[in-house]
Enquirer: 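Structure below; questions to follow.
Remember, it's 1-based here, ligands and their atoms both numbered in the order they're listed.
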Amino acid sequence: VIDPDRQAANRLVDLVAASARAPAIVEAIDDLPRDVEVAAICAPSGIHVDLAAACIAAGKHTLVEKPLDVRLSRARDLLAADARARAAGLTVSVVSQHRFDPASVRARELIAAGELGRVAGASSTLSWWRSQGYYDSAEWRGSWALDGGGVVMNQGIHSVDLLVWLLGRPVEVVAATGLLAHKRIEVEDTAAVIVTFDSGAIATFHATTAAYPGLGTRLVVTGDRGSLSIWNDEMEYLHVRGAAASEAGGMGGGANQIEVSKSPSGADATTSQIGHTRQYRDFCRAIRSRTPAGVTVEDAVLSLATVQAIYAAAASGRRVAVSDVLRGDYDDIHPVYGEP
Ligand SMILES: NC(=O)c1ccc[n+]([C@@H]2O[C@H](COP(=O)([O-])OP(=O)(O)OC[C@H]3O[C@@H](n4cnc5c(N)ncnc54)[C@H](O)[C@@H]3O)[C@@H](O)[C@H]2O)c1
């Protein structure tokens, strides 16, 4: 465990029965023993790429916590480091554990197989609660420099990533964001977004950490042959029109609904470890089989670019093309808020 906060390091060492303790940072990575094969970067978001590059240079397979970093310029540095890693036989991936939820996997398979028909769009909501104490608990939280944004970058990037994974290439974004219910932070706690996709699909995304006491996340995907809803990571509703459907002229139809979940558990999936377990298994599989990990650095760059497009759109009040963001036209542009 490498952490400049010795108490934090010791807590984690005790928890995972790790054998090494080191005070800090990039130099300590160089000194890691050879039998440490994998590095997991769990430090504040704004230093992910620095640490990942050091781990790759030290010959470690590297799994970076989300978001990959907070700036696209730095994400491009990781793309370059990832290319060097691949040449050296190393695997690099970025945490996006909700891609491994059985409900997300099933949704992707259904969409790919055309089971939902023409997918017109999606609506994604993240209605969570983060107290003022949460933001006050560490200096980096709620700062543009190290958190890289508020509810969209920190919590909502999961929802953005799922939208992109399920609906395909994002093309354009419009957005409004605000700092409405928290103090002493620089970033948004609420956002409303519209994303259009290469396929023509249109999605909305509403995210807030000002929803007391914390309701949950919901993703609804709608197509002209079927629709689904994922509530707190579990499939709560799935309806696919049967081949011999008699509802062609109707306005609804529930006769062939094939799934309604019993009772999805837990409002805030942040504390569940099951997604991480699934992704760590995938990461080990990728290392052993020398095949790509389920989440590539390119995947994470596209999700980060979509988040950056949201900030650029909110700051300018205009539509922002994700391709322009990827090209570097909007690096470091974000809204500025006064205290609520
Ligand atoms: N995938 C998920 O669902 C998920 C959930 C929570 C957090 N995260 C991500 O994990 C990261 C950490 O978040 P957190 O809530 O655990 O933060 P935290 O503040 O609780 O922990 C961060 C730790 O990093 C240490 N640190 C600071 N600088 C360091 C350095 N240079 N080298 C090594 N360690 C350093 C700090 O001392 C602290 O112990 C963030 O990027 C966050 O986005 C992801």
Side-chain angles (χ1 to χ4, degrees), residues 1-16 18 20-32 36 39-55 58 60 62-71 74-75 78 93-101 104 126 128 130-131 133-162 185 187 207 209 214 216-217 232-233 266 268-280 282-283 293-295 299-300 303-304 307:
V1 175
I2 299 176
D3 192 313
D5 176 343
R6 200 170 267 282
Q7 279 188 336
N10 289 345
R11 273 198 304 275
L12 188 55
V13 164
D14 291 343
L15 200 66
V16 300
R21 303 174 190 213
I25 315 304
V26 172
E27 300 73 26
I29 292 171
D30 279 341
D31 292 339
L32 282 170
V36 172
I41 311 291
C42 308
S45 306
I47 54 174
H48 284 181
V49 166
D50 277 349
L51 297 176
C55 291
K60 312 300 179 194
T62 301
L63 183 58
V64 186
E65 258 304 338
K66 64 85 213 162
L68 159 162
D69 205 284
V70 300
R71 297 279 167 268
R74 308 176 55 67
L78 190 62
S93 180
V94 180
V95 173
S96 201
Q97 73 268 26
H98 296 293
R99 286 195 185 197
F100 299 87
D101 296 342
S104 319
L126 181 151
W128 280 357
R130 290 291 181 272
S131 67
Y134 163 83
Y135 288 109
D136 290 343
S137 71
E139 194 87 336
W140 70 277
R141 295 196 197 282
S143 70
W144 284 110
L146 289 176
D147 216 345
V151 65
V152 177
M153 178 70 89
N154 190 313
Q155 290 82 18
I157 195 159
H158 290 297
S159 307
V160 170
D161 185 65
L162 281 187
I185 58 173
V187 299
T209 52
T217 57
N232 288 331
D233 310 333
D268 186 338
T270 313
T271 48
S272 166
Q273 294 159 9
I274 182 78
H276 276 83
T277 305
R278 293 185 186 116
Q279 181 158 5
Y280 271 72
D282 172 78
F283 187 62
V295 183
D299 292 334
S303 293
L304 185 66
V307 167

Enquirer: Relative to the heavy atoms of His276, which atoms of ligand 1 are at a distance of less than 4.0 Å?
Expert: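 What qualifies from ligand 1 is 1 (N), 2 (C), 3 (O).
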
Enquirer: Classify the ring geometry between Phe283 and Tyr280 as parallel (under 30°), tilted (30 to 60°) or perpendicular (over 60°).
Expert: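 The arrangement is perpendicular - the two ring planes meet at more than 60°.
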
Enquirer: Using a strict cut-off of 4.0 Å, indicate which atoms of ligand 1 neighbour a heavy atom of Ala8.
Expert: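 Near Ala8, the atoms of ligand 1 are 39 (O).
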
Enquirer: Which ligand 1 atoms, with their elements, are less than 4.0 angstrom from a heavy-atom of Ile2?
Expert: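 Numbered from 1, ligand 1 contributes 33 (C), 34 (N).
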
Enquirer: Show which atoms of ligand 1 fall inside a sub-4.0 Å distance from at least one heavy-atom site of Val95.
Expert: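 Contacts of ligand 1 toward Val95, numbered from 1: 1 (N).
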
Enquirer: Compare Ser137, Ala9, Ser45, Gly46 and give the one whose heavy atom is closest to atom 41 (O) of ligand 1.
Expert: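 Looking at heavy atoms only, the winner is Ser45.
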
Enquirer: Give the atoms of ligand 1, by number and element, whose distance to some non-hydrogen atom of Asp5 is under 4.0 Å.
Expert: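 Per the distance check, 37 (O).
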
Enquirer: Check each atom of ligand 1 against the heavy atoms of Cys42 and keep those under 4.0 Å away; list them by number with element.
Expert: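 Answer, ordered by atom number: 11 (C), 12 (C), 22 (C).
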
Enquirer: Against heavy atoms of His48, which atoms of ligand 1 measure under 4.0 Å?
Expert: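 Ligand 1 atoms under the 4.0 Å threshold to His48: 41 (O).
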
Enquirer: For Glu65 and His48, indicate whether the former's side chain and the latter's backbone hold a donor-acceptor pair under 3.5 Å.
Expert: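 Side chain of Glu65 to backbone of His48, a donor-acceptor pair under 3.5 Å: no, none is there.
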
Enquirer: Check whether the side chains of Tyr134 and Thr209 place a donor and an acceptor atom closer than 3.5 Å, and report yes or no.
Expert: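 Absent: no donor and acceptor within the cut-off.
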
Enquirer: Between the candidates Glu65, Arg6, Gln97, Lys66, which shows the shortest non-hydrogen contact distance to atom 3 (O) of ligand 1?
Expert: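 It is Gln97 that holds the nearest heavy atom.
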
Enquirer: Which residues satisfy the salt bridge (charged side-chain N to carboxylate O under 4.0 Å, His left out) test with Arg74, sequence neighbours excluded?
Expert: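 Partners of Arg74 by the salt bridge (charged side-chain N to carboxylate O under 4.0 Å, His left out) criterion, ordered by chain and then number, come out as Asp50, Asp69.
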
Enquirer: Is it the case that the side chain of Ser303 and the backbone of Ala300 share a donor-acceptor pair, with hydrogens and angles ignored and the cut-off at 3.5 Å?
Expert: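 A pair under 3.5 Å: no.
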
Enquirer: Find all atoms of ligand 1 within a distance of less than 4.0 Å from any non-hydrogen atom belonging to Ile47, and give their numbers and elements.
Expert: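 Heavy-atom distances to Ile47 below 4.0 Å select 28 (N), 29 (C), 30 (C), 31 (N).
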
Enquirer: Could you pull out the closest heavy-atom pair between Asp161 and Asp299, with the gap in Å?
Expert: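 Shortest heavy-atom contact: OD1-O, 4.4 Å.
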
Enquirer: My understanding is that only one of Ile41, Leu146, Val70 makes a side chain to side chain contact (heavy atoms under 4.5 Å, CB included) with Ile47; could you say which?
Expert: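 Only one of Ile41, Leu146, Val70 forms a side chain to side chain contact (heavy atoms under 4.5 Å, CB included) with Ile47, namely Leu146.
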
